[in-house]
Novice: 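Can you keep this structure in mind? I'll have questions shortly.
What's counted below: heavy atoms across the whole structure, side chains too, no hydrogens, waters or symmetry copies. Numbering starts at 1 and runs along the sequence shown. Just follow the structure's listing: the first ligand is 1, and inside any ligand the first atom is 1.
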Amino acid sequence: MNAKNSDSHMTTRRAVIKGIGSYLPERVMTNDDLAKIVDTSDEWIRERTGIVQRHIAADGETTSDLAMHAAQRALADAGMQANEIDLIILATSTPDNTFPATATAIQARLGITHGAAFDIQAVCSGFIFALNTANSLMITGQADNVLVIGAETFSRILDWEDRGTCVLFGDGAGALVLSAEEGSGENSDRGILAGKVRSDGRHYDKLYVDGGVSSTQTVGKLRMQGPEVFKHAVKNISSIISETAEIAGITMDEVDWFVPHQANKRILDGTARKLKLAPEKIVITVDKHGNTSAASVPLALDVAVKDGRIKKNDLVLLEAMGGGFTWGAVLLRW
Ligand code: UT7
């Protein structure tokens with residue numbers, strides 16, 4: 001999915017970021033709150049995961065509600081009207097309904113009657129898969145102005161009696177508005193410069209939901225072999241970061257900011273050690289948000305843009321790994 005052009009005289013369509021927005025539900029659940037529900041402690045959760053608190057959607061507050069807030073904030077940030085958008089891709093594993101795609105509900109609520117909207121399901125890697133898909137549709141001329149959203153209500157699929165999983169996840173949403181623009185084909189262009197997606201279904205049952213339409217006709221609860229996921233995470237994330245940098249022909253030192261999926265601070269530290277990344281270049285929000293699955297990368301990105309760390313023309317590397325297993329990365333110039 002590299003958009004780099006070998007002929008430097010030719011122009012290339014680039015998916016350029018125009019706006020960003022995010023939303024967290026009002027209710028904050030601390031580690032101490034969780035210790036009242038399951039046999040855990042603030043100390044254990046902080047030490048093993050780096051998580052201090054997470055946000056939980058209100059009763060009746062759905063994934064599309066969270067996504068709408070994030071989308072409207074991203075559109076306002078871009079200075080664009082909803083009807084300028086001709087494609088919406090929503091990354092989620094917690095849709096409002098089994099079908100239709102939650103993205104179509106967002107399309108209708110934004111008053112958009114043209115173009116297309118669909119969901120992508122790659123669990124915690126969903127936003128990276130959605131961004132790579134958006135980029136492909138944009139550089140082939142099928143879409144001009146695109147909303148890419150990651151939104152989740154994982155609180156609805158947690159087993160609140162399983163201390164091994166319920167302490168890890170939170171709810172939230174983040175969105176980007178991208179517009180197709182002509183670039184030079186060089187890495188100095190703004191927009192998405194390279195990307196890669198991967199999966200390995202042999203690990204299907206290491207992180208999954210034990211229900212489904214075709215199997216049990218129930219929604220099910222999240223099940224995870226935590227240490228197994230942990231073991232693969234650092235290896236997969238490190239390799240995808242290196243491969244994506246190689247596609248673009250850049251070195252790790254040239255990257256200004258790493259915005260990883262926020263699953264566990266120890267995974268982020270392990271990856272940083274393995275790739276010798278400067279810790280001060282890594283954006284960390286897992287302490288405040290927990291693991292919000294497909295929403296975690298755009299939520300972290302929004303924090304680092306709003307607090308002034310990520311500036312126009314900075315080189316940013318996004319990455320994620322999740323159930324499937326799936327993993328992927330996107331390199332972009334902000
Ligand atoms: O987006 C990708 C999704 N997931 C991930 O990236 C998660 C990857 N995995 C992890 O982050 C870690 O494996 C966990 C944080 C889930 C668990 O940490 P760990 O260091 O791998 O712990 P463990 O599962 O090996 O459990 C160690 C002990 C066990 O007790 P015993 O058997 O040693 O007595 C667990 O029962 O910790 C216990 N434990 C807890 N204790 C207090 C597990 N969860 C908790 C808890 N509070 N919440």
Novice: Is there a path of hydrophobic side-chain contacts, each under 4.5 Å between heavy atoms, that joins W160 and V38?
Specialist: yes

Novice: Relative to the heavy atoms of V167, which atoms of ligand 1 are at a distance of less than 4.0 Å?
Specialist: 48 (N)

Novice: Pairs of nitrogen or oxygen atoms closer than 3.5 Å, one from S41 and one from ligand 1: do any exist?
Specialist: no

Novice: When you measure from atom 5 (C) of ligand 1 to every protein heavy atom, which one gives the shortest distance, and what is it?
Specialist: V229 CG1, 3.7 Å

Novice: Write out the residue and atom name of the closest protein heavy atom to atom 17 (C) of ligand 1, then the distance separating them to 0.1 Å.
Specialist: W44 CH2, 3.9 Å

Novice: Identify, for atom 1 (O) of ligand 1, the protein heavy atom at the shortest distance, and state residue, atom and that distance.
Specialist: H261 NE2, 2.8 Å

Novice: For atom 4 (N) of ligand 1, which protein heavy atom lies nearest, and how many Å away is it?
Specialist: M224 SD, 3.4 Å

Novice: Which protein non-hydrogen atom lies closest to atom 25 (O) of ligand 1, naming both residue and atom, and how far is it?
Specialist: P227 CG, 3.6 Å

Novice: Inspect the contact between D77 and R73 and indicate whether a charged nitrogen and a carboxylate oxygen are less than 4.0 angstrom apart.
Specialist: no

Novice: Which residue owns the protein heavy atom closest to atom 27 (C) of ligand 1, what's the atom, and how far is it?
Specialist: R48 NH1, 3.7 Å

Novice: Any salt bridge between R223 and D159, counting N to O under 4.0 Å?
Specialist: yes

Novice: Just distances here: any N/O of N264 and N/O of ligand 1 closer than 3.5 Å?
Specialist: yes

Novice: List ligand 1 atoms under 4.0 Å from A263, heavy atoms only on the residue side.
Specialist: 1 (O), 6 (O)

Novice: Does atom 39 (N) of ligand 1 have a protein non-hydrogen atom under 4.0 Å from it?
Specialist: yes

Novice: Which ligand 1 atoms, with their elements, are less than 4.0 angstrom from a heavy-atom of T49?
Specialist: 15 (C)

Novice: Could you find the nearest protein heavy atom to atom 47 (N) of ligand 1 and give me its residue, atom name and distance?
Specialist: T40 OG1, 2.7 Å

Novice: How long is the straight-line distance from CG of D96 back to OG1 of T153, given to the nearest 0.5 Å?
Specialist: 7.5 Å

Novice: Using only atom types and a distance under 3.5 Å, with no angle test, would you say the side chain of T63 pairs donor to acceptor with the backbone of T94?
Specialist: yes

Novice: Is at least one protein non-hydrogen atom found at under 4.0 angstrom from atom 14 (C) of ligand 1?
Specialist: no

Novice: Is the backbone N or O of G183 less than 3.5 Å from a side-chain atom of R14, with the two atoms forming a donor-acceptor pair by type?
Specialist: no

Novice: I need the minimum non-hydrogen distance between S242 and L275, along with the two atoms involved.
Specialist: OG-CD2, 3.5 Å

Novice: Among all protein heavy atoms, pick the one closest to atom 29 (C) of ligand 1 and tell me residue, atom and distance.
Specialist: R163 NH2, 4.6 Å

Novice: Looking at E319 and S125, would you say the former's side chain and the latter's main chain have a donor-acceptor pair under 3.5 Å?
Specialist: no

Novice: Output yes when the distance from some N or O of ligand 1 to some N or O of L168 is under 3.5 Å, and no in every other case.
Specialist: no

Novice: Which ligand 1 atoms, with their elements, are less than 4.0 angstrom from a heavy-atom of G226?
Specialist: 8 (C), 9 (N), 13 (O)

Novice: Is it the case that the side chain of E228 and the backbone of Q225 share a donor-acceptor pair, with hydrogens and angles ignored and the cut-off at 3.5 Å?
Specialist: no

Novice: State whether R13 and D144 are salt-bridged, where the test is any N-O pair (Lys NZ or Arg NE/NH1/NH2 against Asp/Glu carboxylate O) under 4.0 Å.
Specialist: yes

Novice: Examine the proximity of ligand 1 to M321 and report which part, side chain or backbone, both or neither, has a heavy atom under 4.0 Å away.
Specialist: backbone

Novice: So which bit of L207 gets within less than 4.0 Å of ligand 1, heavy atoms only: side chain, backbone, both or neither?
Specialist: side chain

Novice: Would you call the rings of H203 and H232 parallel, tilted or perpendicular, where under 30° means parallel and over 60° means perpendicular?
Specialist: tilted

Novice: Please determine whether residues F154 and V52 belong to a single hydrophobic cluster, defined as Ile, Leu, Val, Met, Phe, Trp and Tyr linked transitively by side-chain heavy-atom distances below 4.5 Å.
Specialist: no

Novice: Of the side chain and backbone of V38, name the one, both, or neither that has a heavy atom under 4.0 Å from an atom of ligand 1.
Specialist: neither

Novice: Between N264 (side chain only) and R48 (backbone N and O only), is there a donor and an acceptor less than 3.5 Å apart?
Specialist: yes

Novice: Any protein heavy atom under 4.0 Å from atom 31 (P) of ligand 1?
Specialist: no

